[in-house]
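Read the structure below first, then the notes.
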2 protein chains.
Amino acid sequence: MGLESYQIEKVESVTMADIVEKRLLDYFKKNAFKPGDAIPKELELAEALEVSRNVVREALSRLKMLGMVESRKKRGMVLSEPDIFGGFERVLDPLILEQRTLQDLFELRMVLEMGLADLIFRRKTDDDVAELERIVQKSINQNKASFKVKHEIAFHGKLYAMTGNATIMRFQNLLLPIFEYVVSEEEKLHGIPPISNVGHGDLVEIIKNGTPQEFKEAMRIHLSPHFDRLS
Amino acid sequence: MGLESYQIEKVESVTMADIVEKRLLDYFKKNAFKPGDAIPKELELAEALEVSRNVVREALSRLKMLGMVESRKKRGMVLSEPDIFGGFERVLDPLILEQRTLQDLFELRMVLEMGLADLIFRRKTDDDVAELERIVQKSINQNKASFKVKHEIAFHGKLYAMTGNATIMRFQNLLLPIFEYVVSEEEKLHGIPPISNVGHGDLVEIIKNGTPQEFKEAMRIHLSPHFDRLS
DNA sequence: ATTTGTTATTATGTTCTACATAAGTATTAA
DNA sequence: TTAATACTTATGTAGAACATAATAACAAAT
């Protein structure tokens, strides 16, 4: 019987910086720190935690990356509203992520797209619809591949924008390169997918005069070339 | 006319650690580093970038937090598959995030929920349906608030699990505390929302014998008490 | 010959000291 | 009162030193 069957777990060394980082996060939560609140000085933290200033700085450096802590010379440091997708953004590299994860993110974007309908219908304005029509209009008689990609981004981006939800919009913008990467990898393997029976023009027409239910079904058909290739 | 109308942008001091962090990320991407690849030693990096080892370590500490870099004594450092939601998780504190962001995340989860239908129907198994029924069955005649919350989590969590998408599942698990926070804040202001006309039992029945379209509509109605309170 | 023990080496982990820098604070001069 | 000046302070950066664990090379032992 091999060693592996004992499921011996590898010891991952926890560093001081890991511990201090966690302690700081707990400290902020426990004391209900809010953005704008000043936090103790590096030396005070180092002394209280009984580690060197260096370790404290490594932990703080992490929180600074997330936008959670801001520092200015002499003034000290303050807690601040973090960039919720900051860490996410740095990590979204198709070459680094597992195939499985890329596939998951691909699906995630499709799930989002399908779920947008009710928000869009709740918040759409005439101006929005007019701009969508403009975007579609511009794409007619354009066949270059580079233009098509740009058009895809413009159209779907506008749909997200219409939700009035900046977070969702940011999220989808981050997901986009992954989506395109997965699509292009798919195409290398299985060729260009058939064009959907429902185009952007149809979607706009439904937004204008249709119902959320119709839109959901139309979007499903619009995405079906991708959807049908899922495992 | 006030100064603010000039949109004077505050100078955020860029530190060496910020620069080195970016350089490292670019370096990995440019050279197509993959998980498992060894990366240069701290001292080599420090020398090449002409900064102190300290600065390099602060930047590396950030990447370690994201799971992108792992280090062992003597062996050096290797690139590794990052935890895509690691940074996200650390930052998801209702007390720190803006109200607007919390609201956005609340909506985001609802969008996800609405968009799940096609994935669920594509991948559902008889076992899944049986477990859903079991979960619903257990909830009958239970009225304690604490149990209700647990039941909510179990039921909707199972729906996410049925997508077979670990990333989506993780994402929703992270979003859940935010969702609950927003709901409870809403309830403080406007009281308990009316109970939906579509319950979990109805949803299961549709998953069993219905169509994705029916499920989408049912889910919309199920969530409508929350949805109707959106701005 | 395979295993076991010893030693040397090396890259990260941690600490300490020192100084640079920017931004407040107090003091002084006009 | 205002403006110029020096002082103070907290972060930013650098460099050296040592601790520690993992590895390699080699020697000893059965």
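Per chain, numbering begins at 1; letters A, B, ... match sequence-line order.
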Requested in this report: Under the salt bridge (charged side-chain N to carboxylate O under 4.0 Å, His left out) rule, what do A:Arg100 and B:Glu81 come out as? Steps first, then yes or no, please.
Outcome: CA-CA 12 Å; A:Arg100 175 74 256 161; B:Glu81 162 101 5; over 6 Å; no
Query raised in the report: Under 30°, 30 to 60°, or over 60°: which ring-plane class applies to A:Phe171 and A:Phe85, parallel, tilted or perpendicular?
Result: parallel
Query raised in the report: Nearest-Å distance, CD (B:Glu70) to P (D:dA22)?
Result: 14 Å
Query - Minimum heavy-atom distance between A:Ala17 and A:Ala59, given as atom pair plus value - result: O-CB, 3.8 Å
Report task. Examine A:His156 together with A:His151 and report whether their ring centres are nearer than 6.0 Å. Result -> no
**Report entry** A:Phe155: ring pair (Phe, Tyr, Trp, His ring centres under 6.0 Å) partners, not counting sequence neighbours
**Finding:** A:His200
Query raised in the report: Does a side-chain heavy-atom distance below 4.5 Å link B:Ile96 with A:Pro82?
Result: yes
Report summary line: The single option from A:Thr167, A:Thr163, A:Asn165 that satisfies side chain to side chain donor-acceptor pair (under 3.5 Å) with B:Glu107 is A:Asn165
Query raised in the report: Between the side chains of B:Asp104 and B:Thr101, is a donor N or O closer than 3.5 angstrom to an acceptor N or O?
Result: no
Report summary line: Given protein heavy atoms under 4.0 Å, the one-letter contact record of nucleotides 10-18 of chain D, with B base, S sugar-phosphate only and - none, is simply BBBBBB-B-
Identify all pairs in which a protein N or O lies below 3.5 Å from an N or O of nucleotides 4-7 of chain D, and state each distance.
none

